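Some notes on the structure that comes next.
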Amino acid sequence: MATRDFTELPFFAPEHRDLRKRAATIAKDATRLIDHHDIDSSCRTLVKAFAKQGLLNFSVPETRHDVRSLCLIRESMAYEDGLADFAFAMQGLGSGPIVLFGNEDQKSRWLPQVASGDALAAFAISEPDAGSDVAALTCTASPDGNEHFRLSGEKTWISNGGIADLYVVFARTGEAPGAKGLSAFLVPADAAGLTVAERIEVIAPHPLARLTFEDVRVPASAMIGKPGDGFRIAMSVLDVFRSTVGAAALGFARRALDESVNRSAERRLFGAPMAELQMVQGHIADMAVDVDAAALLVYRAAWTKDMGAARVTREAAMAKLFATDRAQDVIDRAVQLHGGDGVRRGHIVESLYREIRALRIYEGASDVQKVVIARQVMGVK
Ligand SMILES: Cc1cc2nc3c(=O)[nH]c(=O)nc-3n(C[C@H](O)[C@H](O)[C@H](O)COP(=O)(O)OP(=O)(O)OC[C@H]3O[C@@H](n4cnc5c(N)ncnc54)[C@H](O)[C@@H]3O)c2cc1C
């Protein structure tokens with residue numbers, strides 16, 4: 001392996017070094033469970049396997065997430081296969097609102113099922129006209145007597161959509177205009193009126209759907225936190241998981257670098273190993289610097305959160321922005337160094353090229369991260 005073991009950095013404790021080795025082995029084994037032509041059942045199988053190996057205890061902890069562990073696992077999974085990373089990550093993102101803000105009843109009803117892989121979880125906030133602008137969302141939850149709410153509207157781009165057993169749905173309850181008038185609800189997939197309206201196909205296939213809610217009746221006890229807490233809940237969950245998106249990007253980039261180093265050593269060009277060409281060395285050097293710098297930002301953000309920071313908005317935004325953008329460039333260089341093989345369907349660097357792209361869009365597009373960072377740096381709202 002050409003890339004470094006980042007657990008040697010002072011951000012980590014000895015148990016992280018063990019976890020990294022274990023996660024790398026589990027991730028490698030997981031590739032045998034994946035059929036890219038049947039992503040739905042592959043995700044179910046992967047989640048079950050991760051539960052059996054105890055990995056979901058990290059994504060669905062009883063009290064708080066250890067973000068460094070989440071990042072190490074995502075980095076290891078992404079190194080091997082984007083779908084393995086996706087299946088692991090979604091159990092955490094989907095259950096995050098319950099772990100962080102759920103009451104005891106909500107926790108005891110759902111968390112054991114998610115941690116055992118019996119229930120797949122999803123986080124449903126985006127809408128056709130409210131992606132980056134979360135405060136514009138229009139899905140409503142209206143009181144139906146004192147004991148129930150009725151949800152009406154649409155959600156789109158929902159990861160695990162179509163295979164999830166549980167959706168955490170963010171809807172407008174109207175306590176105040178914009179972001180302050182949202183609440184979070186637990187909605188089982190079999191709730192009457194909830195329909196998977198469309199399965200969405202993307203360049204790196206993952207289960208993804210558009211959902212419609214037609215008068216979906218849920219008990220008031222399905223609300224997570226208090227009325228009007230929805231935006232705060234969503235942002236707190238993203239505060240944990242944003243750095244882990246950077247970690248997944250780091251895993252993809254690390255794989256691209258390793259593949260490129262191997263390729264340069266094996267491939268002969270003009271009578272000598274390609275690795276002897278200085279322009280090739282220039283690419284490798286740039287890739288290695290990006291990988292190491294991304295690791296430092298990702299694990300700084302994770303460490304800062306684990307050390308008890310209430311929010312790591314600045315650190316997590318920097319980690320996600322830098323790691324995903326630079327991974328795109330690292331992988332593009334890997335494609336270049338692989339020549340025609342780089343764009344051959346089914347080649348590892350071809351799949352990395354497709355896998356990385358969405359990470360610069362979801363959980364806050366790169367442009368949005370820049371706005372967040374600038375506001376933090378300048379101290380403006
Ligand atoms: C593969 C995938 C998985 C997803 N999974 C989920 C999920 O599980 N749950 C969920 O709720 N959502 C999910 N999403 C939705 C995702 O969060 C949104 O796509 C994202 O927030 C962008 O919203 P949008 O697509 O509506 O684009 P828009 O909001 O229309 O933004 C388009 C572009 O405008 C630019 N832009 C936006 N805001 C600014 C700004 N302030 N300043 C400068 N430029 C800006 C950015 O370049 C952005 O990419 C997923 C999306 C993808 C692609």
Side-chain angles (χ1 to χ4, degrees), residues 39 43 59 74 78 82-83 85-97 114 120-139 151 153-172 178-179 182 184-185 187 189 194 196-213 230-231 233-242 244-245 248-249 252 313 317 320-321 324-325 328 351 353-376 378 380-381:
I39 53 173
C43 284
S59 43
R74 287 201 68 176
L83 199 65
D85 168 57
F86 171 88
F88 171 77
M90 280 316 300
Q91 287 304 84
L93 183 66
S95 64
V114 179
L120 298 190
F123 181 93
I125 193 163
S126 303
E127 299 181 3
D129 292 321
S132 306
D133 186 4
V134 173
L137 71 80
T138 57
C139 179
L151 274 65
E154 213 175 342
K155 293 287 166 189
T156 194
W157 298 113
I158 306 310
S159 297
N160 268 354
I163 62 168
D165 300 282
L166 169 69
Y167 295 93
V168 174
V169 180
F170 295 84
R172 186 162 296 288
L182 310 179
F185 294 90
V187 184
L194 166 53
V196 177
E198 177 195 3
R199 292 294 298 266
I200 305 172
E201 290 187 25
V202 288
I203 54 175
H206 303 119
L208 207 57
R210 179 168 61 87
L211 311 171
T212 52
F213 297 78
F231 188 75
I233 292 173
M235 292 307 122
S236 301
V237 171
L238 293 179
D239 206 52
V240 170
F241 284 92
R242 207 160 258 159
T244 78
V245 180
F252 292 141
T313 310
K320 182 182 186 275
L321 171 69
T324 58
D325 279 8
Q328 182 86 57
S351 73
Y353 193 74
R354 289 183 290 103
E355 288 287 353
I356 187 60
R357 193 61 185 88
L359 277 64
R360 297 171 60 208
I361 296 171
Y362 66 63
E363 291 188 37
S366 292
D367 317 69
V368 174
Q369 302 307 331
K370 286 185 189 172
V371 174
V372 170
I373 294 164
R375 284 180 183 160
Q376 292 277 320
M378 295 188 296
V380 294
K381 288 261 174 196

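Keep in mind that this is a model prediction, so the values were computed, not measured. Remember, it's 1-based here, ligands and their atoms both numbered in the order they're listed. Numbering starts at 1 and runs along the sequence shown. All values below come from the heavy atoms of this structure, side chains included, with hydrogens, waters and symmetry mates left out.
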_Looking at every heavy atom in both Ile125 and Ile158, which two are closest together, and how far apart are they?_
N-CD1, 4.1 Å
_Candidate pair Leu93 and Leu238, rule side-chain contact (heavy atoms from CB on, under 4.5 Å), full reasoning_ = CA-CA 8 Å; Leu93 183 66; Leu238 293 179; 4.2 Å; yes
_Let's go through Leu83 and His206 carefully: what are the C-alpha distance in whole Å and the side-chain angles of both, what is the deciding distance for side-chain contact (heavy atoms from CB on, under 4.5 Å) to 0.1 Å, and is it a yes or a no?_
CA-CA 7 Å; Leu83 199 65; His206 303 119; 3.6 Å; yes
*Centroid separation Phe170 to Phe123 less than 6.0 Å*: yes
*Mind checking what residues have non-hydrogen atoms under 4.0 angstrom from ligand 1?*
Phe123, Ala124, Ile125, Ser126, Gly131, Ser132, Trp157, Ile158, Ser159, Leu208, Ala358, Ile361, Tyr362, Glu363, Ala365, Asp367, Val368, Val371
*Heavy-atom closest contact (Gly178 atom, Arg172 atom, distance)*: O-NH1, 2.9 Å
*Are any non-hydrogen side-chain atoms of Ser126 and Tyr362 less than 4.5 angstrom apart?*
no
